[in-house]
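The structure presented is a predicted model; accordingly, all values stated were derived computationally and were not measured. Start at 1 and go down the list; that is how both ligands and their atoms are numbered.
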Amino acid sequence: MIPVIALVGRPNVGKSTLFNRLTKSRDALVADLSGLTRDRKYGDGTLHGRKFVVIDTGGLTGIDEGIEAETEEQSLIALAEADLVLFLVDSKTGLLPPDLAIVESLRRKGSKFFVVANKVDGLDPEIAIADFYQVGTSEIFAISASHGRGIKSLMESALNLFPKDNDDESDASDRTKICFAGRPNVGK
Ligand SMILES: Nc1nc2c(ncn2[C@@H]2O[C@H](COP(=O)(O)OP(=O)(O)OP(=O)(O)O)[C@@H](O)[C@H]2O)c(=O)[nH]1
Ligand SMILES: [Mg+2]
């Protein structure tokens, strides 16, 4: 079993930027534009030789019709598949009511999640994250997805939740099994 980690949050908080950073790719589109990502995007990441799957999702808006509702549906599928959710918030805007609605919904679903305060670059991280303790969590990870700050310690904590030998390549359950079948004496 390889941990599946979903990136969830309001539009424009930096989910796709973090996805690209974790997958060392430019697969996800990034722009200063709300609602750019609409579907789910899967990628592979590794840290210290440990593998994980990361899912980028569209921003959660709470709007229940049109394209926003369809985007939300895609995000809900990602949530159902995830072993851990990284719930991204934007340190530049602070905590907004839609963030609280997302937390509420994660708690209702029983999703395991970390609060990740992105965009701490140019800010004092301690001050930047203070607002987010209102969410009612004891630990907040301060990162800058675009500058690559705080990502390693975030992912170390994330992967520590999962048993180490599970993503070992020698795990028999991950290997392809081939069975030879045939009549007796044909040279199986
Ligand atoms: N200053 C700063 N800007 C960032 C950081 N991470 C992302 N951004 C910027 O924030 C904007 C939105 O980033 P995206 O990664 O597209 O955000 P998203 O959450 O995927 O947005 P949607 O797909 O619309 O939900 C872009 O202009 C990014 O360059 C960061 O760590 N610091
Ligand atoms: Mg996006």
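- Geometrically, ligand 1 and Val30 share no nitrogen or oxygen pair separated by less than 3.5 Å.
- For ligand 1, the polar-atom distance check finds an N/O of Ala145 within less than 3.5 Å of one of the ligand's N/O atoms.
- Residue side and main chain included, Thr37 places an N/O/S atom under 2.8 Å of the Mg ion (ligand 2).
- Only the side chain of Asp121 comes within 4.0 Å of ligand 1, judged by heavy-atom distances.
- Of the candidates Asn12, Asn20, Leu18, Leu123, Asn12 brings a heavy atom nearest to atom 21 (O) of ligand 1.
- Annotation: atom 8 (N) of ligand 1 to nearest protein heavy atom, Lys119 CE, 3.7 Å.
- Polar contact check, Thr57 against ligand 1: no nitrogen or oxygen pair lies under 3.5 Å apart.
- Here atom 11 (C) of ligand 1 lies nearest to Ala31 when heavy atoms of Pro11, Ala31, Gly14 are compared.
- A single hydrophobic cluster is seen to contain both Leu47 and Val54, as judged by linkage of ILVMFWY side chains at heavy-atom distances under 4.5 Å, directly or through other members.
- In this structure, CD1 in Ile129 is found 9.0 Å from CD in Glu139, a value given to the nearest 0.5 Å.
- Residue-to-ligand polar distances keep Gly58 apart from ligand 1: every N/O pair is separated by 3.5 Å or more.
- For the residue pair Thr71 and Gly59, the shortest heavy atom distance occurs at CG2-O, 4.0 Å.
- Each of Leu161, Asp83, Leu106 was compared with Lys112 under the side chain to side chain contact (heavy atoms under 4.5 Å, CB included) criterion, and only Leu161 meets it.
- Proximity of Asn118 to ligand 1, defined as any heavy-atom pair under 4.0 Å, is confined to the side chain (atoms from C-beta onward).
- Put simply, the side chain of Leu18 does not reach to within 4.5 Å of the side chain of Asp56, judged on heavy atoms.
- The main-chain N or O of Leu86 is never found under 3.5 Å from a side-chain atom of Lys15 such that the two would form a donor-acceptor pair.
- Remark: minimum distance from atom 25 (O) of ligand 1 to any protein heavy atom is reached at Lys15 NZ, 2.8 Å.
- Ala78 approaches Ile55 most closely through the heavy-atom pair CB-CG2, 3.9 Å.
- Here the heavy atom of the protein found nearest to atom 15 (O) of ligand 1 is Thr17 OG1, 2.6 Å.
- Using a 4.0 Å heavy-atom cutoff, Lys92 is listed among the residues neighbouring ligand 1.
- Remark: Lys92 NZ is packed, more than 12 non-hydrogen atoms of other residues, nucleotides or ligands lying under 6.0 Å away.
- The distance from the Mg ion (ligand 2) to the nearest N/O/S atom of Thr57 is not under 2.8 Å.
- The shortest contact between atom 30 (C) of ligand 1 and any protein heavy atom is with Ser146 OG, 2.9 Å.
- Smallest separation of non-hydrogen atoms from Arg10 and Pro98: CD-CB, 3.6 Å.
- Residues Asp32 and Asn12 bring a donor and an acceptor atom of their side chains to less than 3.5 Å of each other.
- Residue Leu33 places a heavy atom under 4.0 Å from ligand 1.
- The two residues Val13 and Lys119 make their nearest non-hydrogen contact at O-CE, 3.6 Å.
- Near Gly59, meaning under 4.0 Å from one of its heavy atoms, ligand 1 places the atoms 25 (O).
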